[in-house]
Amino acid sequence: MTLYDSVKKTKLPFEPLQEGKVSLYVCGPTVYDDAHLGHAKSALVFDLLRRVLEAEGYEVTFARNITDIDDKIINKARDLGISTNEIAERYTAAYHRDMASIGVRQPTLEPKATESIEPMCEMIQNLINKKHAYVISNGDIYFDTSSDKNYLSLSNRQSNENISRVERVSEKRSEADFALWKAVHDEGVAFDSPFGRGRPGWHLECSAMIERFVSPHVGDYAIDIHGGGADLLFPHHENEAAQTRCATNHELAKYWIHNGFVTIDGEKMSKSLGNSFFLKDALKAYDGEVLRFYLLSTHYRGDFNFNEEDLIASKRRLDRLYRLKKRLFGLTAEMIDTEFKRNLLQALGDDLNVSRTYALIDELINSANEALDQNPKDKTYRQILLSALQNIETILGFGGQNPFEYFQLGLDEATKTKIDTLITRRTEAKKAKDFPASDAIRDELTAMGIAIMDTANGTFWEIRD
RNA sequence: GGCGGCAUAGCCAAGCGGUAAGGCAUGAGCCUGCAAAGCUUUGAUCCCCGGUUCGAAUCCGGGUGCCGCCUCCA
């Protein structure tokens with residue numbers, strides 16, 4: 001397969017460090033608030049990449065960290081009058097719950113910053129020994145960016161001299177130098193270390209965890225693929241890369257993958273604009289699977305402008321998949337190697353070309369409906385179709401629900417019973433050729449937001465949006 | 001100011017030099033007691049200007065317009 005490397009700025013054939021194995025690390029959330037649609041998009045992109053790599057036969061080590069200690073967490077804990085642990089646990093659980101609802105699988109490794117202090121200290125010591133880091137009088141430890149001749153090569157910047165001069169620390173050797181360790185002298189949240197009480201810098205966490213928990217330690221790179229949102233390229237990934245390069249003498253990642261932003265009305269979500277859209281709120285209005293299908297529907301590198309019209313159009317597209325699944329209902333899956341699967345992997349293997357992938361699915365649905373109209377009883381063909389749907393479910397993570405329940409989500413049993421009763425009465429009226437009566441019942445159902453469809457196998461119903 | 005991305009039918013969106021995928025919406029037809037679902041069908045020369053080429057949405061140059069990073073950020 002090929003992947004677009006956002007550092008080399010070109011699509012490259014993917015060749016893993018180790019035969020048949022892939023190490024993939026993605027920057028996860030800082031757990032101080034609920035996940036928004038941007039977190040969802042990023043998680044979905046790398047969940048898809050992981051599934052595709054697995055479908056290609058790779059053994060994938062997929063790591064996604066949890067930053068569970070950070071100024072934002074500390075501030076929130078102070079505002080709410082509870083401990084940082086409570087905040088971190090609350091939002092870690094929320095993150096897991098929200099991601100599960102859109103079909104994001106748990107990573108194989110999920111290291112937490114607070115449980116990785118020791119490897120971080122080891123890396124700091126290493127950097128100090130190699131003169132890549134220095135301690136200032138208050139105990140803070142900084143990375144010396146001038147000591148890394150490749151600094152800024154990742155983000156392709158010329159110099160960092162024109163950055164804004166907020167919070168000037170006079171003892172820093174260069175404005176570009178960043179903290180590896182921040183000494184804590186009061187009663188604040190801190191960890192014991194060989195450098196005294198303090199807290200680790202954010203950038204350090206990823207480098208140290210990768211080195212300790214993820215890297216297979218073969219070849220010129222720590223891991224195969226490092227991913228994250230496009231806004232992390234600088235300074236976060238630049239700094240990670242520098243730390244790893246200087247501490248270990250190998251580069252951090254062979255491939256860098258960055259996903260585009262989710263925007264609302266064309267603008268990036270941010271606290272200051274007040275246009276954050278939390279995933280949990282989206283889930284109140286839309287099914288998690290529909291959100292997955294929608295958020296995954298355009299290429300991961302481009303920005304994604306979230307809006308309800310497109311989401312509804314997207315849902316209608318997914319509906320077609322489930323209507324086909326209805327037509328196959330009752331068959332037991334019996335996996336057949338399909339040409340469809342090869343086509344699917346070929347499209348996805350081209351830097352996750354989901355547009356082409358979705359088009360393949362649409363074409364499958366179209367040709368399947370046509371063929372089933374012609375020859376509804378072709379058992380072999382039906383098995384092939386079912387296998388294809390199974391492939392979609394495994395690789396793309398949607399289409400796995402019971403097709404009847406998919407169209408009936410959110411309705412209580414009493415309503416469902418009422419609908420069934422009305423349909424039974426209508427069927428009787430139809431049998432008696434009492435069409436005014438049967439149409440009146442259909443109007444009643446329509447008013448309830450229910451659409452019905454008569455088929456050879458009986459009358460089915462769906463919720464209309 | 002520095003760096004980067006994007007601009008394709010009403011909307012979303014592929015395309016990576018050889019004559020514009022797919023979906024949603026719309027109009028028409030088939031099917032249906034009538035519908036729904038399904039099927040068929042309807043529509044763009046690709047932001048503008050110049051260049052390279054037998055040939056460009058695709059390459060080069062110059063514009064215009066959006067967006068992002070450079071501060072915590074998926």
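Between B/A21, B/G33, B/C3, one nucleotide has an atom nearer to the side chain of A/F435 than all others, and that is B/G33. Proximity note for A/R356 (side chain, C-beta onward) versus B/A14, B/A36, B/A74: the nearest is B/A14. Closest to the side chain of A/S438, out of B/G33, B/C70, B/A21, is B/G33. Side chain of A/N156, nearest nucleotide from B/A13, B/C67, B/G4: B/G4. Side-chain proximity of A/R426 to B/C12, B/A74, B/C34: nearest is B/C34. Taking every side-chain heavy atom of A/R316 into account, B/A25 is the closest of B/G38, B/A25, B/C67. Closest to the A/N353 side chain, of the nucleotides B/C39, B/A74, B/A14, is B/A14. Distances from the side chain of A/E370 to the nucleotides B/C67, B/G38, B/U40 place B/U40 closest.
A donor-acceptor contact under 3.5 angstrom links the side-chain atoms of A/D439 to the base of B/G33. A donor-acceptor contact under 3.5 Å links the side chain of A/R442 to the base of B/A35.
Annotation for A/K315: atom NZ counts as buried by contact number, over 12 foreign heavy atoms lying within 6.0 Å. Atom CD of A/E309 is surrounded by 12 or fewer heavy atoms from other residues, nucleotides or ligands within 6.0 Å.
Aromatic ring orientation, A/H236 versus A/H203: tilted (interplanar angle from 30° to 60°). By the 30° and 60° cut-offs, the orientation of the rings of A/F306 relative to A/F304 is tilted.
Comparing A/R320 and A/E267 along RNA chain B, the residue whose closest nucleotide (by nearest heavy atom) sits nearer the 5' end is A/R320. If you find the closest nucleotide of RNA chain B to A/A359 and to A/G260, the one lying nearer the 5' end belongs to A/A359.
Both the sub-6.0 Å distance and the 45° axial angle are not jointly satisfied by A/R317 relative to the ring of A/Y358. A cation-pi contact links A/R301 to A/Y4, judged by a cut-off of 6.0 Å to the six-membered ring centre and 45° from its axis. A cation-pi geometry, defined here as NZ or CZ lying under 6.0 Å from the six-membered ring centre and within 45° of its normal, holds between A/K326 and A/F407.
The interatomic distance linking A/D454 (CG) with B/A35 (C1') rounds to 8 Å, in whole Å. One atom, CZ of A/F261, and another, C1' of B/C6, lie 13 Å apart when rounded to the nearest Å. As rounded to whole Å, 13 Å separates atom C1' of B/A13 from atom CG of A/N307. Rounding to whole angstrom units, CG of residue A/L152 and P of B/G4 are separated by 13 Å. One can place CZ of A/R317 at 8 Å from C1' of B/A13, the figure rounded to the nearest angstrom. Atom CG in A/D5 sits about 15 Å away from atom P in B/G4, given to the nearest Å. Atom NE2 of A/H203 and atom P of B/A74 are 13 Å apart (whole Å). Nucleotide B/A35 holds its C1' atom 15 Å from the CD1 atom of A/I441, rounded to whole Å.
When heavy atoms are screened at a 4.0 angstrom cut-off, A/V262 is found touching base atoms of the nucleic acid. Note on A/K268: a base of the nucleic acid sits closer than 4.0 angstrom, heavy atoms only. At the heavy-atom level, A/R464 lies under 4.0 Å from the strands shown only through sugar-phosphate atoms. Residue contacts for A/L232: at a heavy-atom cut-off of 4.0 Å it reaches the sugar-phosphate backbone alone, with no base atom in range. When heavy atoms are screened at a 4.0 angstrom cut-off, A/K433 is found touching no nucleic acid atom at all. When heavy atoms are screened at a 4.0 angstrom cut-off, A/G229 is found touching the sugar-phosphate backbone but no base atom. Residue-level contact check: A/D310 touches the backbone only, with heavy atoms under 4.0 Å from sugar-phosphate atoms and none from bases. Nucleic acid contact for A/H299: sugar-phosphate only, since backbone atoms but no base atoms lie under 4.0 Å from a heavy atom of the residue. Among the heavy atoms of the strands, none lies under 4.0 Å from A/E462. In this structure, A/K11 reaches the bases: a heavy-atom distance under 4.0 Å links it to at least one base atom across the strands shown.
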Exercise. Take A/D33 and A/K72 through the salt bridge (Lys or Arg N to Asp or Glu O under 4.0 Å) test and state the conclusion after the steps.
Key: CA-CA 9 Å; A/D33 206 345; A/K72 289 192 289 290; over 6 Å; no

* To do: Please assess A/E462 against A/R323 for the test salt bridge (Lys or Arg N to Asp or Glu O under 4.0 Å), listing each intermediate value before the final yes or no.
  => CA-CA 10 Å; A/E462 298 179 359; A/R323 292 211 185 92; 2.8 Å; yes

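Across the C1' atoms, B/G29 and B/G62 are found 50 Å apart, a figure rounded to whole Å. With both ends at atom C1', the span from B/A25 to B/U19 equals 28 Å, rounded to whole Å. When the P atom is compared between B/U8 and B/C48, the two are found 11 Å apart, to the nearest whole Å. Nucleotides B/U64 and B/G55, compared at atom C1', are 28 Å apart to the nearest Å. Rounded to whole Å, the C1' atom of B/A14 lies 15 Å from the corresponding atom of B/C6. Spacing of C1' atoms, B/A9 relative to B/A21, comes out at 14 Å, to the nearest Å. Rounded to a whole angstrom, the distance from the P atom of B/A74 to that of B/C39 is 42 Å. Separating the P atom of B/A7 from that of B/A57 is a span of 15 Å, rounded to the nearest Å.
Contact between the side-chain N/O atoms of A/R327 and the OP1/OP2 oxygens of B/G38 is not found at any separation under 4.0 Å. At the phosphate of B/G23, OP1 or OP2 sits under 4.0 Å from a side-chain N or O atom of A/N366.
When both distances must be under 3.5 Å, the Watson-Crick or G-U wobble mate of B/G4 is B/C67. Under the Watson-Crick or G-U wobble criterion, with both distances below 3.5 Å, B/A25 has no partner in any strand shown. In this structure B/G50 sits in a base pair with B/C60, meeting the Watson-Crick or G-U test at under 3.5 Å. Nucleotide B/U45: unpaired (no Watson-Crick or G-U wobble partner with both distances less than 3.5 Å). Pairing of B/A20, defined by two Watson-Crick or G-U wobble distances under 3.5 Å, is not identified with any nucleotide.
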